[in-house]
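A quick write-up on the structure given underneath.
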There are 2 protein chains.
Amino acid sequence: MSPSNSTSTDRRTYHHGDLRRAVLSAALDVIAAEGPGALSLRDLARRAGVSHAAPAHHFKDRTGLLTAIAAEGFGLLADALREAPGLREAGVRYVRFAREHPAHFQVMFSPELLRAEDLELTTARALAGDALTQAVTTVDPGERGPDARLAGMAAWSLAHGYATLLLGHNLDHQLGKEDPEDTFRALTAMLFHSAAD
Amino acid sequence: MSPSNSTSTDRRTYHHGDLRRAVLSAALDVIAAEGPGALSLRDLARRAGVSHAAPAHHFKDRTGLLTAIAAEGFGLLADALREAPGLREAGVRYVRFAREHPAHFQVMFSPELLRAEDLELTTARALAGDALTQAVTTVDPGERGPDARLAGMAAWSLAHGYATLLLGHNLDHQLGKEDPEDTFRALTAMLFHSAAD
DNA sequence: CGAAAGAACTTGTCAATGACTAGATTCCGC
DNA sequence: GCGGAATCTAGTCATTGACAAGTTCTTTCG
């Protein structure tokens with residue numbers, strides 16, 4: 001439909017074609033490389049080849065853009081966690097999600113950057129929360145112990161901490177050339193030292 | 001020595017007296033309340049009752065201020081972890097540190113905000129790392145399993161994830177009115193289900 | 001004691017940014 | 001093909017970080 005490439009900077013048409021996606025995509029690149037603090041709406045506009053105020057039409061403001069990213073992230077996480085074959089594998093997928101979508105992950109857990117009451121955000125987050133809870137409650141009660149709530153917090157804390165430290169390059173030294181996912185499996189095997197899945 | 005209060009906004013003397021501490025302190029308040037992104041050197045200067053360029057004399061720039069905060073944080077963490085009576089208690093202290101110094105904690109693990117090569121930062125971080133390693137290696141090998149490196153990553157991930165989720169208010173719902181530290185103890189008791197300390 | 005050296009702070013300036021407003025262009029339903 | 005809505009442009013303002021140059025206080029040392 002539009003002759004313009006969604007991320008190219010030259011454009012003959014008045015309408016971009018898919019500016020929303022182009023801005024989101026550029027934002028994810030910037031965040032992954034330099035963090036959310038380096039985000040500049042005007043810079044994103046330049047990358048997309050549009051005027052400095054164009055992004056605001058799609059996201060309202062900087063907070064709106066970040067909120068959209070977080071909501072998208074929770075949706076992706078819910079998809080990744082859905083129908084995980086066991087708690088262990090859910091943890092692995094949580095870590096994999098963080099590695100594949102580092103920008104989303106970072107923004108999702110930076111509440112001070114987000115519009116907390118945003119409907120898309122809260123519903124997406126609730127979905128992801130359900131998927132997590134599902135992964136905990138469906139596991140064999142004999143394996144996870146009597147308290148599902150405690151087990152859920154433990155699993156989430158472990159996966160979240162590992163993912164966070166990984167993204168912050170705090171485990172580089174101890175991991176060496178190992179595959180982070182394999183190491184995470186080994187780690188959970190050690191903790192739940194008779195884990196079935 | 002100086003008649004001026006270190007955080008008051010009115011000041012008769014040309015010299016503030018302890019501007020460095022005043023700026024650091026105000027910065028910690030802002031970060032704890034609104035995150036590092038809300039930090040403004042000019043705002044901190046206003047709070048301290050000095051001119052807009054005064055803070056730069058002590059910290060060079062925004063990154064310098066955040067780097068100083070991170071370095072201080074790693075120092076405080078090393079102190080908190082030093083001589084912890086066992087791995088479990090070290091974890092509890094890690095979580096306690098995050099709750100008592102949320103701004104430090106947040107900045108310490110945001111590498112994109114810091115001057116990575118800063119000497120004070122790297123040495124302080126190394127000290128804290130030593131304290132953590134110490135806590136892992138001194139624990140009874142029969143309790144932690146054969147692989148100290150894996151055990152260390154597991155313990156750090158668990159404590160770090162729990163602390164992070166706690167600060168992001170992601171555990172509020174499941175914790176209710178419980179004491180977060182007690183819950184963390186219960187959580188570790190469940191995982192290392194015969195933990196001695 | 002006093003002067004030089006340096007630390008602590010001020011004032012002025014510039015480019016960049018977020019947010020807002022008003023207006024131009026294109027798209028779409030009828 | 002017409003009218004309203006969506007998309008994008010252009011202009012503006014207050015705020016900020018960074019830097020340069022000057023002022024005031026403190027300390028050192030001859």
Side-chain angles (χ1 to χ4, degrees), chain A residues 1-27 30-31 34-69 107 112-115, chain B residues 1-27 30-31 34-69 107 112-115:
Chain A
M1 180 164 281
S2 165
S4 65
N5 187 304
S6 60
T7 54
S8 79
T9 186
D10 58 334
R11 178 175 50 100
R12 295 182 205 91
T13 56
Y14 191 88
H15 281 46
H16 178 281
D18 196 0
L19 180 59
R20 183 184 164 91
R21 195 66 247 169
V23 169
L24 273 175
S25 172
V30 172
I31 295 172
E34 308 172 60
L39 252 199
S40 153
L41 290 181
R42 291 173 105 105
D43 177 50
L44 298 178
R46 277 189 294 271
R47 295 184 188 224
V50 296
S51 82
H52 63 89
H57 190 74
H58 293 275
F59 302 104
K60 165 75 175 171
D61 56 16
R62 210 167 164 282
T63 303
L65 169 58
L66 290 164
T67 302
I69 289 176
V107 173
E112 73 274 11
L113 300 178
L114 309 177
R115 199 143 5 233
Chain B
M1 177 166 281
S2 164
S4 65
N5 185 303
S6 59
T7 54
S8 79
T9 186
D10 58 334
R11 176 175 51 101
R12 296 181 204 89
T13 57
Y14 190 89
H15 281 45
H16 178 282
D18 196 2
L19 181 58
R20 183 184 163 90
R21 195 66 246 168
V23 168
L24 274 175
S25 172
V30 172
I31 294 171
E34 307 171 61
L39 252 200
S40 153
L41 291 180
R42 292 175 105 104
D43 177 49
L44 298 178
R46 277 190 294 269
R47 294 183 188 225
V50 296
S51 82
H52 62 87
H57 191 75
H58 294 274
F59 302 103
K60 166 73 176 172
D61 56 15
R62 210 168 163 280
T63 303
L65 169 58
L66 290 164
T67 301
I69 289 175
V107 173
E112 72 275 8
L113 300 178
L114 308 177
R115 205 154 347 248

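Computed from a predicted structure; not experimentally measured. No hydrogens, no waters, no symmetry mates; every other heavy atom, side chains included, goes into these values. So that the names make sense, note that chain A is the first sequence line, chain B the second, and so on, each numbered from 1.
- Separating the NE2 atom of A/His52 from the P atom of C/dC20 is a distance of 14 Å, rounded to the nearest angstrom.
- The side-chain contact (heavy atoms from CB on, under 4.5 Å) test applied to A/Ile69 returns A/Leu24, A/Ala27, A/Leu28, A/Ile31, A/Leu65, A/His104, A/Val107, not counting sequence neighbours.
- Taking a 4.0 Å limit (strictly below) on heavy-atom distances, residues 53-63 of chain A reaches DNA chain D at A/Ala53, A/Ala54, A/His57, A/His58.
- Judged purely by atom type and a 3.5 angstrom limit, B/Thr67 uses its side chain to pair as donor or acceptor with the backbone of B/Thr63.
- Evaluation of the salt bridge (Lys or Arg N to Asp or Glu O under 4.0 Å) rule for A/Arg62 yields no partner, not counting sequence neighbours.
- For the pair B/Arg115 CZ and D/dG17 P, the computed distance is 14 Å after rounding to whole Å.
- In this structure, the separation between CZ on B/Arg47 and OG on B/Ser40 is 9.0 Å, given to the nearest 0.5 Å.
- Applying the side-chain contact (heavy atoms from CB on, under 4.5 Å) criterion to B/Glu34, with sequence neighbours excluded, gives B/Ala38.
- The stretch residues 34-45 of chain B touches DNA chain D through B/Leu39, B/Ser40, B/Leu41, B/Arg42, each having a heavy atom under 4.0 angstrom from the strand.
- Within the structure, every side-chain polar atom (N or O) of A/Arg46 is placed at least 4.0 Å from both OP1 and OP2 of C/dA16.
- For B/Ala56, there are no side-chain contact (heavy atoms from CB on, under 4.5 Å) partners at least two apart in sequence or on another chain.
- Between A/His52 atom NE2 and A/Arg46 atom CZ the span is 10.5 Å, to the nearest 0.5 Å.
- For the pair B/Leu66 CG and D/dA18 P, the computed distance is 10 Å after rounding to whole Å.
- Here the side chain of B/Ser51 is nearest to one of D/dA18, C/dT10, C/dA19, namely C/dT10.
- For C/dA7, the OP1/OP2 oxygens have no side-chain nitrogen or oxygen of B/Arg20 closer than 4.0 Å.
- Distance check, rounded to the nearest 0.5 Å: CG of A/Leu44 to CZ of A/Phe59 gives 9.0 Å.
- Among the nucleotides D/dA18, C/dA19, D/dT9, the one closest to the side chain of A/Val50 is D/dT9.
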